Protein chains: 2
Amino acid sequence: MADFALTEQRLAVTCRRYPDFPRRLATLVRLIKHIHKQLHDEANLALKPYGINHPEYNLLMMLYGSANGTMSPSELADAAGEKSANITRLTNELCDKGLIDRSGSADDRRKIELSLTPQGEALLKNLLPDICALLARQGHHLTVSEQVQLEKLLKKFLGGLAD
Amino acid sequence: MADFALTEQRLAVTCRRYPDFPRRLATLVRLIKHIHKQLHDEANLALKPYGINHPEYNLLMMLYGSANGTMSPSELADAAGEKSANITRLTNELCDKGLIDRSGSADDRRKIELSLTPQGEALLKNLLPDICALLARQGHHLTVSEQVQLEKLLKKFLGGLAD
DNA sequence: TCTAAATAGTACATTTATATATTATATATA
DNA sequence: TATATATAATATATAAATGTACTATTTAGA
């Protein structure tokens with residue numbers, strides 16, 4: 001892991017050179033970046049044996065968690081935090097792999113409905129034990145109450161970003 | 001902003017379908033992803049008028065915060081969380097823009113030393129007020145004590161990811 | 001000293017992501 | 001109804017990031 005102490009050292013130098021620099025907030029931003037990168041890399045590694053990568057897994061899980069089993073490309077884009085143009089490519093690949101299905105919507109013919117195929121569901125059921133284990137391992141340093149607290153603070157942080 | 005409530009709804013469905021799914025940790029991971037994306041996008045937007053993007057800004061700030069004003073490409077890669085091959089491209093561009101300087105190291109001729117040019121420093125001093133304002137705005141929902149608490153928890157979380 | 005292994009950086013090919021423009025359909029309003 | 005505007009999805013071109021292989025130099029060990 002990239003030692004975060006070095007980052008803090010750099011922030012100290014930065015504040016010495018530019019005293020107005022908001023050190024605490026900058027620290028938070030860099031922590032988020034480091035954590036995100038680490039989570040992304042570890043997920044990719046865990047998913048490789050199953051032939052998909054992290055963004056693809058995310059799309060599958062969005063569908064798995066949808067209320068009625070289908071989502072439009074733009075809903076998927078919003079849910080997964082991907083640009084809609086990227087969704088076209090990713091869903092193409094997932095279709096090619098036989099993991100999801102495309103079909104035109106009846107009530108709005110501009111829309112497309114995406115859904116998991118039986119193979120897609122089977123793949124998820126296959127890999128979820130590994131992913132659950134990964135998540136458990138990634139969080140094992142935190143007590144439940146710390147997780148709750150962290151969730152609360154992150155939600156508040158995210159809430160403030162919209163304005 | 002993508003409403004996080006929808007994400008929570010999807011997680012609820014997921015847990016109903018797959019009860020072993022570690023909902024709390026998955027929530028944390030998705031929060032980190034959402035926040036990271038938002039921070040990244042907002043930074044890019046703020047930096048656009050200055051002719052650089054977020055990754056380029058990060059590299060400049062790593063150099064700005066370095067102890068002696070120089071870093072090697074691999075140190076930069078480590079600090080900024082970029083792959084070394086990507087650093088070559090990014091530093092090429094920053095050189096072309098006249099914002100950083102490349103020079104061979106005297107004691108190890110495999111190494112390259114990168115440093116900010118006067119123009120690079122000037123650009124940073126120019127844009128830092130905007131960036132500081134952005135950071136302040138992004139964190140304005142959090143009290144100082146919440147920021148401290150969040151930093152503590154994120155550090156603990158990051159620490160557990162290395163193992 | 002000589003050779004093998006390790007390290008630093010980059011070039012090139014490939015993959016992944018984004019921005020912009022285009023097509024088709026739906027909605028609102030004159 | 002007719003026309004303008006908005007929305008959904010994608011195609012295409014461009015940009016950004018990654019993986020792999022390669023060169024040059026240094027370090028370690030026979």
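Here the structure is a predicted model, which means the values were calculated and not measured. Proteins come first, then strands; the chains are lettered A, B, ... in the order of their sequence lines, and each starts at number 1.
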Inset, instruction - Describe the nucleic acid contact of A/S72 in one word from base, sugar-phosphate, nothing, applying a heavy-atom distance below 4.0 Å. - result: sugar-phosphate
Legend entry - Boundaries of the DNA chain C segment in contact with chain B, non-hydrogen, under 4.0 Å: C/dA6 to C/dA11
Legend entry - Interface with DNA chain D, restricted to residues 60-71 of chain B and to heavy atoms under 4.0 Å: none
Inset, instruction - Spell out, as yes or no, whether a donor-acceptor pair under 3.5 Å connects the side chain of A/K33 to the backbone of B/G81. - result: no
Inset, instruction - Output yes when a side-chain donor or acceptor of B/T117 lies under 3.5 Å from a complementary backbone atom of B/G98, and no otherwise. - result: yes
Inset, instruction - Considering only Ile, Leu, Val, Met, Phe, Trp and Tyr, and joining two whenever side-chain heavy atoms are under 4.5 Å apart, list the other residues clustered with A/V144. - result: A/V148
Could you tell me which residues satisfy side-chain hydrogen bond (donor to acceptor under 3.5 Å, both in side chains) with [X], sequence neighbours excluded, listed by chain and number?
X	value
A/K83	none
A/Q149	none
A/N126	none

Legend entry - salt bridge (charged side-chain N to carboxylate O under 4.0 Å, His left out) pairs, two or more places apart, involving residues 8-26 of chain B: A/E121-B/R17, A/K155-B/E8
Inset, instruction - Verify the cluster assignment for A/V29 and A/Y18: are they in a single hydrophobic cluster under the rule of side-chain heavy atoms below 4.5 Å apart? - result: yes
Under 3.5 Å, which protein N or O atoms sit close to an N or O of nucleotides 14-24 of chain D? Give each pair with its distance.
{"from": "D/dA17", "atom 1": "OP2", "to": "B/R89", "atom 2": "NH2", "distance (Å)": "2.3"}

Legend entry - Residues in salt bridge (charged side-chain N to carboxylate O under 4.0 Å, His left out) contact with A/R89, at least two apart in sequence or another chain: A/E93
Legend entry - With B/R110 via salt bridge (charged side-chain N to carboxylate O under 4.0 Å, His left out) - residues at least two apart: B/D108
Inset, instruction - Scan residues 40-96 of chain A for pairs that pass ring-ring contact (aromatic ring centres under 6.0 Å, His included), counting only residues two or more places apart or in two chains. - result: A/H40-A/H54
Legend entry - the helix from C/dT1-D/dA30 to C/dA30-D/dT1: angle between end helix axes, five pairs per end, rounded to 10 degrees: 20°
Legend entry - Between CD on residue A/E56 and CG on residue A/L94, distance to nearest 0.5 Å: 5.0 Å
